[in-house]
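Okay, so here's the structure we're looking at.
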Amino acid sequence: MLDKKYNAEEKEKKWLDYWKDNKIYEFKRNDKEVYSIDTPPPTVNGKIHIGHIFSYTQTEMLARYKRLRGYNIFYPFGFDDNGLPSERLVEKEQGKRAHEIGREEFSKLCYETTDKYEANFQELFSKMGVSTDWDIHYKTVSPSTIKISQASFLDLKEKGHCYHKESPALWCNECLTSIAQAELETKTIKTTFNYVNFKTVEDNEEFTIATTRPELLPAIVCVFVNPEDEKHNHLIGKTAHIPVIDVEVPIMGDEKVAIDKGTGIVMCCTFGDQTDIEWWKKYKLPLKYIFTDNGRIAPSVPNYGGLKIKEARKQIIEDLQAGGHIVKIEELEHEVQTHERCGKEVEYSVMKQWFIDIMNHKEDFIRMGNEIKWHPAYMHSRYDEWVNNVAWDWCISRQRYFGVPFPVWYCKECGEPIFANKEDLPVNPLVDLPKVTKCPKCGCKEFEAETDVMDTWATSSVTPLINMRYGEKENYEDILKPMSLRTNASEIIRTWDFYTIVKSFYHFGQRPWDNVMISGFVMANKGEKISKSKGNSKHEPMDLIKQYSADVIRYWAGTGRLGTDIVFSEETLLRGKKLVNKIWNVSKFIEMHLTDYEDKEFNNFEYVDKWILGRFQEMEKQFIEYLEEYEVGLALNILEKFFWEFCDNYIEIVKHRLYRPEEFGNIQRYSGQKTVYTLLYKLLQDFSIFFPFITEEIFQELYHNNASIHTTEIKPLDYNFNKEIELGNQMIEIISQARRSKNK
RNA sequence: GGGCGCUUAGCUCAGUUGGUAGAGCAUCUGCCUUACAAGCAGGAGGUCAUAGGUUCGAGCCCUAUAGCGCCCACCA
């Protein structure tokens, strides 16, 4: 017997244990078709907020749907404990910077800290009813995943897609590491636009350059004007004298200079921005690198050496003013590139870095994108946009401590890289020694270990490889090439999706997955993203589960439309609470009338029963169509709508027959019983995608023909009740009119 | 500046081959009717952002405009 009131906290715990003990969500090879999901390993950088719950739950619902359609679900969970986010978390907890703690100790702390948080994450996701097989979960920094990341690196190196080169790279002075273009975030800041007077050496002609970065004056290697610029093109070929710095540089012409921007004259510094790098390469200009790696002016620069960048800016403006070289200073608001992890402005640095070739294979990456089905479809253009606009090869080395080490040593004499053998992986070059005894190039017998580690994305982009146990004897390569589905929010299309496609293409020459499903964000308020720094996530997921139950939180998550942002709303939770409660109550009612029921073949349905069966069949057809398009929210929407109609109209009509067979007839009663028995079963199945707990409780109490409702199979009805549907709909209209007049 | 999305009831949002505008919340009225007051029945509430166009017919298709949001480019 179902309890009078449903106690969610007690029942949810009961079924969690039951599913775990009976391995309901276990992945085992069998003869069923595999449906595999590449779900984002959440970054282990502190607490999970309600935004995580939203997108992960939507994916989870799809896993449940596919399971109910008879697929063998491969759905492993992962944790991304790699790289900077973990390091920053540890630095915050310890109140110290990584270099103050020391490499070895710091790595140990990173492992301990991420383990601690992962346990919390796992508990929360379990409580939400995530139907993953925890036995196959992974973390991005562990011996087995390090091995795969290193093997991936070596494979790319062998195939010639990976190179080590001294090259300008984006540099973060806060995190003291190079970063990738994809890690940039634009920010609007207030600064000044400084109009500085220069002179030509040849004839002392004055001209003005406007700059936001006067501290780069010592790094000027050339001045550019547009050859079409009639006001200034006579300067081309002359020499410019840099004020205060007292250095002379050539004036050249290039059509990339915008005539109407600033004064139309540009100083080219190595390096202030990306155009500088382009010109530096194009015209083979000299290199004047004036910054140190911790954000100061290099000691070699006269007068300004040792100053922080912003101090130098202030100082140089003062000096320019003192010399009468500044025409005017304008207040300016403009956008700068910052590092998304710390929010600090990025600079450019020149050092040896590992890069993965992007620029030579853009067309292939576009082609891969075309082979993938995007949900919603318009997200495909976000991907194309990014690939078409990428301007750099992918820099994957980071001058940090915690992460996947490069399996590389260098010859002390000639710098030749020595790579580890694939069969020796994982290796830590700081501890392990190369297998060769001397440099194959120069014969030197001493080596230096690579101290850099790989970028977070370089390792998280191998999640399909981790899932398929790439390079292992016992692997899933046969069933996971490609995987069925990747899910994530739109913000990481340019990183996680793109880099995974890059790697999959280089390793296997094919797409990593057939489908990509993009979820929206959760907004704290309209137009305001939830973010930890703002502290605007008012609701702790654990508290919400306690207050509302996991099923109800799942309802909220399930109402979101694909790719569309959602505002957190207690109203929606209330609506879910009512729906769950109604499912419980109607099940109690149906149970009451099934005590003497025996399921057998029966086709002599009353026409009202045919009406509701037909209506259900119609609804479920649409329901399945939505789910096939990954539109979880729309599926829930029509299911819910049907369900209220079932309760408010059909149950009210069938009541009398169920209560009073002496008046309405036994066969008529059986027809009603058969109908509610059949429909409740099917409704529970459909609802189990969204409410795995309460549906299991009712299923086990009323049907228990299977170990779990979650391992049953949805089999659509196949009636032809079109006539009855029409008649029934008319009948409902008449009833509704009667009620109306009764109420007047 | 480029790409994409959104704009429907006071609020949150559905509305998928073009065919009489929907739900929940809030509000008002009447009901403790033997599953459910966390409920039931009913009322009120909308120039579907704006302007054109296609069509017998447009919330839906096309064009333009505005506002909002996301991604990218823009450091002279």
Side-chain angles (χ1 to χ4, degrees), chain A residues 2 4-6 181 184-186 189 191 193-196 208-213 216 223-226 256-269 272-276 332 334-337 345-347 376 378-386 388-391 489-491 493-494 520-521 523 526-529 559-561 563-572 574-593 622 625-626 629 631 633-634 636-638 640-641 644 647-648 651-652 655 658-659 735-736 738-744:
Chain A
L2 296 174
K4 188 158 176 16
K5 291 254 170 183
Y6 176 70
Q181 184 185 356
L184 296 176
E185 199 172 69
T186 46
I189 59 152
T191 184
F193 212 17
N194 309 284
Y195 289 76
V196 181
T208 310
I209 296 180
T211 177
T212 56
R213 303 209 51 189
L216 281 168
V223 167
F224 282 100
V225 300
N226 194 314
K256 222 184 154 168
V257 180
I259 297 170
D260 51 355
K261 228 173 184 179
T263 59
I265 310 176
V266 188
M267 54 193 220
C268 173
C269 316
D273 68 8
Q274 210 183 309
T275 319
D276 289 345
L332 176 74
H334 75 156
E335 311 223 301
V336 293
Q337 302 282 20
E345 286 171 51
V346 298
E347 296 293 344
Y378 61 78
M379 286 297 176
H380 186 181
S381 48
R382 292 263 179 121
Y383 173 79
D384 280 351
E385 262 294 291
W386 174 254
N388 287 326
N389 285 314
V390 164
S490 58
E491 60 178 350
I493 290 175
R494 63 176 178 158
F521 295 111
M523 315 297 264
K526 220 170 187 175
E528 190 191 336
K529 255 201 214 172
T559 54
R561 180 130 201 214
T564 305
D565 297 341
I566 182 174
V567 176
F568 181 81
S569 130
E570 299 238 25
E571 268 174 28
T572 309
L574 184 66
R575 185 172 169 168
K577 198 171 159 183
K578 287 183 172 186
L579 174 58
V580 167
N581 189 50
K582 193 77 174 176
I583 293 174
W584 185 254
N585 284 322
V586 82
S587 299
K588 272 196 320 190
F589 173 81
I590 290 172
E591 183 188 34
M592 231 168 74
H593 294 283
Q622 178 73 61
E625 277 170 19
Y626 280 142
E629 287 303 315
E631 288 283 8
L634 297 183
L636 174 55
N637 193 287
I638 59 156
E640 180 180 0
K641 206 168 163 186
W644 286 103
C647 293
D648 296 343
I651 292 290
E652 290 304 321
K655 234 177 198 174
L658 294 175
Y659 273 119
I735 292 173
S736 165
R739 282 165 171 170
R740 227 169 288 158
S741 51
K742 196 179 137 200
N743 253 290
K744 263 173 194 166

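Just so we're on the same page: letters track the sequence lines, and every chain starts at 1. Predicted model only: the values in this text are computed from it and were never measured.
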Counting only distance, no hydrogens or angles, is the base of U16(B) paired donor-acceptor with the side chain of Arg561(A) under 3.5 Å? yes
Scan every strand shown for a Watson-Crick or G-U wobble partner of C4(B), both distances under 3.5 Å, and answer none if you come up empty. G69(B)
Taking all non-hydrogen atoms of both residues into account, name the closest pair between Thr208(A) and Thr263(A) and its distance. O-OG1, 2.6 Å
Could you tell me how far U16(B) sits from C61(B) if I compare only their C1' atoms? Round to whole Å. 13 Å
Minimal heavy-atom distance between Trp584(A) and Lys5(A), with the atoms involved, is NE1-C, 3.9 Å
Between Thr559(A) and Ser490(A), whichever has its closest RNA chain B nucleotide further toward 5' is Thr559(A)
How is Met267(A) classified with respect to the nucleic acid when contacts are heavy atoms under 4.0 Å: base, sugar-phosphate, or nothing? nothing
What's the gap between G18(B) and C36(B) when it is taken at their C1' atoms, as a whole Å value? 41 Å
What nucleic acid atoms does Phe224(A) come within less than 4.0 Å of, heavy atoms only: base, sugar-phosphate, or nothing? nothing
Round to a whole Å and report the spacing from CG of Leu579(A) to C1' of A23(B). 13 Å
By the 4.0 Å heavy-atom rule, please label Gln622(A) as base, sugar-phosphate, or nothing. nothing
Establish, with yes or no, whether the OP1 or OP2 oxygen of G2(B) is under 4.0 angstrom from a side-chain nitrogen or oxygen of Arg382(A). no
Upstream residue (5' side of RNA chain B) when Met379(A) and Lys4(A) are each assigned their closest nucleotide: Met379(A)
C1' atoms of G43(B) and C56(B), separation to the nearest Å: 35 Å
Can you tell me which nucleotide in A23(B), G3(B), C75(B) comes closest to the side chain of Glu385(A)? G3(B)
From G24(B), A76(B), C75(B), pick the nucleotide closest to the side chain of Glu571(A)? G24(B)
With both distances under 3.5 angstrom, what nucleotide forms a Watson-Crick or G-U wobble pair with G30(B)? C40(B)
Can you identify which nucleotide, out of A23(B), G2(B), C74(B), has its nearest atom closest to the Gln337(A) side chain? C74(B)
Calculate the interatomic distance between His593(A) atom NE2 and U34(B) atom C1'; express it in whole Å. 9 Å
Could you tell me the separation between the CG atom of Asp273(A) and the P atom of A73(B), rounded to a whole number of Å? 13 Å
Considering only the P atoms, how many Å lie between A26(B) and A64(B), rounded to the nearest integer? 43 Å
Quick one: do Arg382(A) and Glu491(A) make a salt bridge, cutoff under 4.0 Å? no
In whole angstroms, how far is the P atom of C36(B) from the NZ atom of Lys655(A)? 8 Å
If we take the C1' atom in both G3(B) and A76(B), what is their distance in whole Å? 26 Å
Under a 4.0 Å threshold between the charged nitrogen and the carboxylate oxygen, would Lys588(A) count as salt-bridged to Glu591(A)? no
Can you figure out which of A38(B), A76(B), G15(B) approaches the side chain of Leu634(A) most closely? G15(B)
Rounded to the nearest angstrom, tell me the gap between atom CZ in Phe193(A) and atom C1' in C74(B). 12 Å
Rounded interatomic separation in angstrom, taking CG from Leu636(A) and P from A23(B): 17 Å
Among A76(B), C75(B), C36(B), which nucleotide has an atom closest to any side-chain atom of Asn585(A)? C36(B)
Provide the Watson-Crick or G-U wobble partner of A51(B), both distances under 3.5 Å; none if there is no partner. U63(B)
Please report the distance separating the C1' of U33(B) from the corresponding atom of G69(B), rounded so that it comes out in whole Å. 49 Å
Any Thr212(A) side-chain nitrogen or oxygen under 4.0 Å from OP1 or OP2 of A76(B): yes
Using 30° and 60° as the class limits, which term best fits the ring planes of His380(A) and Tyr383(A): parallel, tilted or perpendicular? tilted
C1' gap between C60(B) and G42(B), integer Å: 31 Å
To the side chain of Arg213(A), which of U12(B), G15(B), C75(B) is closest? C75(B)
Pairing partner (Watson-Crick or G-U wobble, both distances under 3.5 angstrom) of G45(B): none
Would you mind reading off the distance between Asn389(A) atom CG and A73(B) atom C1', rounded to a whole angstrom? 7 Å
Can you check whether Lys578(A) has a side-chain N or O nearer than 4.0 Å to OP1 or OP2 of G39(B)? yes
Say you pick atom C1' in G30(B) and the same atom in A37(B); how far apart are they, in whole Å? 14 Å
Which is true for Asp648(A) with a 4.0 Å heavy-atom rule: it touches a base, it touches only sugar-phosphate, or it touches nothing? sugar-phosphate
Complement of A58(B), any strand, by Watson-Crick or G-U distances under 3.5 angstrom: none
So, OP1 or OP2 of C40(B): does either fall under 4.0 Å of a side-chain N or O from Lys582(A)? yes
G-U wobble or Watson-Crick pairing nucleotide for G24(B) (cut-off 3.5 Å, both distances): C11(B)
Need one value for Ile590(A): base, sugar-phosphate or nothing, where a base atom within 4.0 Å counts as base even if backbone is also close, heavy atoms only. nothing
